[in-house]
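To start, the structure under review is shown below, and the notes come after it.
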Amino acid sequence: MTEYFATVARGLEPIAAQELERLGAQDVRPDFTGVHFSGDRALLYRVNLWGRTLFRVLVPIREFFCPNAEMLYREIQSIDWEEYLDPGNTLAVNCTGSNQKLNHTHFTALQVKNAIVDQQRDRTGERSTVDPKDPDLLLNLHIHGDRAILSLDSSGNSLHRRGYRPAMGTAPLKETLAAAILELAEYSPEQTFLDPLCGSGTLPLEAGLKALNIAPGLFKERFGFMSWRDFDLELWQEIRQEALEGQKEELTAPIYGSDRDRSVIQQAYLNAENCGLDAHVHFSIQEFYHLEPPAETGILICNPPYGERLGEVHELGDFYKSMGDILKQRFTGWTAYILSGNKELTKKIGLKSSKRIPVYNGSLPCTLLKYEVY
């Protein structure tokens, strides 16, 4: 059994912990912006392939006392790097956290890289080059107080970049947050799903992937662990094949997304094509004011603008009021979830929420509000 650490967005640790348990992880312990867990190599591959709410899966290899740059260099040099990479392999280092002496992540990452390539040069006369975009070995150093944890990053590119979404709207919701919102809203594939402010389609597409049991990692061309020395190609192919065979052919209930902006709906179509959902998820160009429920009951989830980036707050007040009116008048029998980053605007909805769940959209504290429309 190996110890792993999955990094997640702030506030989503309990959701990520549940997801890891469902995937078969052992010793699951949520922490700040991450979850500790353990398992075998098959689990590591499976979590990277299936993780809907996770950013990265790290494999810690060393924890040490690290008050300053000299100590950091010494500790990194004491690791036998021949175990992990040849001079012919490329390398990159990500650094998070800081302390009094190591307070610049770029400088800290440079110290780690220098310690590794100096060891290689001393031993072989050659050294690895740095490739920040697509390295053979990606390392993560996290500093907290006078302790440091060095990990191998098994994911490579962050898992929220599913690979199906080259096209993005102006204020895109991260795929991982969209997936977490579906969990928090207890979305079930048996319910008709509607996002009337869908932008480039992230919420409906994540709902589609979940409903058809499609692993989000299937669209990624590569993961960090694929260039590791112990990469087991046969095991990986087996896990991938298993995921492909477990996909469903048809949706149990329809999924709809609409938006007033033609160009973002075109992006949504493109994204749907990229993840094979173009025949399953229905997108349309529609003004919110003309919205009619596509079924007698269902779940409506949306992320309206909250005056951070799109439109200014005073203009949005009227929109929020009409949003409440439309839900009240037309969506009886539905459950609605609205993600809001602005308390003043939320008040304008004029409906009593039955649940308020704190969430972060990036660094912005938001609330996911639940409305039962009777």
Side-chain angles (χ1 to χ4, degrees), residues 6-23 25 28-35 37 47 50-55 159-160 162 171-199 201-216 252-253 255-257 281 297-306 308 320 323 327 331 334-343 345-346 349 351-373:
T7 66
V8 305
R10 184 173 168 186
L12 300 182
E13 302 90 350
I15 289 283
Q18 286 166 7
E19 179 173 35
L20 287 163
E21 278 169 356
R22 284 199 299 272
L23 291 170
V28 177
R29 295 189 329 279
D31 202 336
F32 181 66
T33 66
V35 183
F37 66 102
V47 165
W50 281 98
R52 294 187 194 277
T53 62
L54 318 172
F55 286 147
L159 298 177
H160 85 272
R162 307 279 200 241
L173 200 61
K174 274 201 173 87
E175 293 87 333
T176 37
L177 178 56
I181 286 170
L182 295 170
E183 286 297 318
L184 292 165
E186 294 169 5
Y187 161 67
S188 136
E190 279 69 50
Q191 297 167 292
T192 296
F193 177 95
L194 169 65
D195 176 359
L197 300 164
C198 73
T202 313
L203 274 163
L205 293 176
E206 287 296 318
L209 295 179
K210 184 180 159 75
L212 292 173
N213 199 39
I214 297 172
T252 322
I255 294 173
Y256 300 95
V281 179
T297 63
I299 185 168
L300 179 153
I301 306 180
C302 67
N303 172 36
Y306 15 91
E308 277 298 302
Y320 272 71
M323 197 157 52
L327 288 175
F331 280 82
W334 279 63
T335 304
Y337 282 87
I338 295 174
L339 181 69
S340 178
N342 188 313
K343 279 201 178 87
L345 286 174
T346 310
I349 294 171
L351 296 172
K352 192 171 168 17
S353 60
S354 61
K355 209 180 198 178
R356 306 170 73 86
I357 307 164
V359 220
Y360 278 84
N361 185 358
S363 59
L364 188 73
C366 294
T367 308
L368 184 64
L369 298 133
K370 178 184 185 180
Y371 300 98
E372 310 267 6
V373 193

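Along the sequence shown, residues carry numbers from 1.
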Take D195 and C302 through the side-chain contact (heavy atoms from CB on, under 4.5 Å) test and state the conclusion after the steps. CA-CA 5 Å; D195 176 359; C302 67; 3.4 Å; yes
Step by step, work out the side-chain contact (heavy atoms from CB on, under 4.5 Å) result for Y256 and T192. CA-CA 8 Å; Y256 300 95; T192 296; 3.9 Å; yes
Working for side-chain contact (heavy atoms from CB on, under 4.5 Å), residues I15 and V8: CA-CA 10 Å; I15 289 283; V8 305; over 6 Å; no
Give the C-alpha distance, both sets of side-chain angles, the deciding distance and a yes or no for side-chain contact (heavy atoms from CB on, under 4.5 Å) between T33 and Y360. CA-CA 11 Å; T33 66; Y360 278 84; over 6 Å; no
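G257 approaches C198 most closely through the heavy-atom pair C-SG, 3.7 Å. Between P204 and I255, the shortest heavy-atom distance links the atoms O-CG2, 3.7 Å. When all heavy atoms of G51 and P216 are compared, the closest pair comes out as O-CG, 3.8 Å. Among all heavy-atom pairs drawn from A16 and T53, the shortest one is CA-OG1, 3.6 Å. Considering all non-hydrogen atoms of both residues, W50 and I214 come closest at CZ3-C, 4.0 Å. Between I299 and A185, the shortest heavy-atom contact is CD1-O, 3.7 Å.
Screening residues 9-23 for salt bridge (charged side-chain N to carboxylate O under 4.0 Å, His left out), with sequence neighbours left out, gives R22-E183.
Looking only at distances, no side-chain donor or acceptor of T367 sits under 3.5 Å from a matching main-chain atom of L369.
Considering L209, L159, T176, L182 as possible partners of R52, the one that fulfils the side chain to side chain contact (heavy atoms under 4.5 Å, CB included) test is L209.
Side-chain contact check for L173 versus L339: some heavy-atom pair is nearer than 4.5 Å. Y337 is not listed as a side-chain neighbour of N303, based on a closest heavy-atom distance of 4.5 Å or more. Side-chain contact check for I301 versus I181: some heavy-atom pair is nearer than 4.5 Å. Looking at heavy atoms from C-beta onward, L54 lies in side-chain contact with L20 at the 4.5 angstrom threshold. Between I338 and M323, the closest side-chain pair of non-hydrogen atoms falls below 4.5 Å.
Interatomic distance, C366 SG to K343 NZ, rounded to the nearest 0.5 Å: 10.5 Å. Remark: L327 CG to Y371 OH distance equals 8.5 Å, nearest 0.5 Å. Distance check, rounded to the nearest 0.5 Å: OG1 of T297 to CD of Q191 gives 8.0 Å. Separation of atoms OG1 (T202) and NZ (K174) is listed at 11.5 Å; rounding is to 0.5 Å.
Looking only at atom types and distance, the side chain of Y320 has no donor-acceptor partner in the side chain of N342 under 3.5 Å away.
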